[in-house]
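On a predicted model such as this, the values are computed, not experimentally measured, just so you know. Sequential numbering from 1 along the given sequence is applied to the chain's residues.
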Amino acid sequence: MYEFNIGTFFVGLLILIAGVAFVRWHQWVADNFGSGIGSYDRYKLWAFITCALGLVVMVNLHTMILTWFFSLLFPGR
C-alpha cells in the first residue's frame, strides 16, 4: 500500500539535488577523480541514475520496489 512520507520526500529531494549537481559538474568530477575525457559519458550516466533514484525516493516508491524484490527472494509471507 502506498503511503506518502514527508521525511522520504526531503531525503529524495536532497538526492535529486546532488544528482543535478553531479550532472552539472560531471566533467570536473571525471577530470579530477576519473580518467578524464574518456569517462565523461560514464559519469554522466551515473549522474542521471542518481537523479532517477532521487525521484523514486521522493515519491516513496523505493519501499514498494524493495518489498516486491525481497518477497521474490524470501517467499512465504
Determine whether [X] and [Y] make a side-chain contact, defined as any pair of heavy atoms from C-beta on separated by less than 4.5 Å.
X   : Y   : value
F70 : L73 : yes
M58 : T8  : no
F22 : F48 : no
I17 : L13 : yes

For residues 61-68, which side-chain N or O atoms pair as donor and acceptor with protein atoms under 3.5 Å away, sequence neighbours left out?
from	atom 1	to	atom 2	distance (Å)
T63	OG1	N60	O	3.3
T67	OG1	T63	O	2.6

Output the distance between atom CG (L55) and atom CG (L16), rounded to the nearest 0.5 Å.
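Result: 5.0 Å between the selected atoms.
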
So how far is it from L53 CG to W46 CH2, rounded to the nearest 0.5 Å?
10.5 Å

When you group the ILVMFWY residues by side-chain heavy-atom contacts below 4.5 Å and let the links chain together, are I6 and V57 in the same group?
no

Treat each ILVMFWY residue as a node, draw an edge where side-chain heavy atoms are under 4.5 Å apart, and state whether V56 and F10 are in one component.
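Yes, V56 connects to F10 through the hydrophobic network.
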
Quick one: closest heavy-atom pair of V20 and C51, and the distance?
N-SG, 3.6 Å

Looking at every non-hydrogen atom in both residues, tell me the closest pair between S39 and A30 and how far apart they are.
OG-CB, 3.7 Å

Does F69 have more than 12 heavy atoms from other residues, nucleotides or ligands lying within 6.0 Å of its CZ?
no

May I ask you to check whether over 12 heavy atoms, not counting those of D41, lie within 6.0 Å of atom CG?
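Count not over threshold, so no.
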
What pairs of residues pass the side-chain hydrogen bond (donor to acceptor under 3.5 Å, both in side chains) test when at least one of them lies in residues 19-31, not counting sequence neighbours?
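For residues 19-31, and leaving out neighbouring residues, the side-chain hydrogen bond (donor to acceptor under 3.5 Å, both in side chains) pairs sorted by first residue read D31-Y40.
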
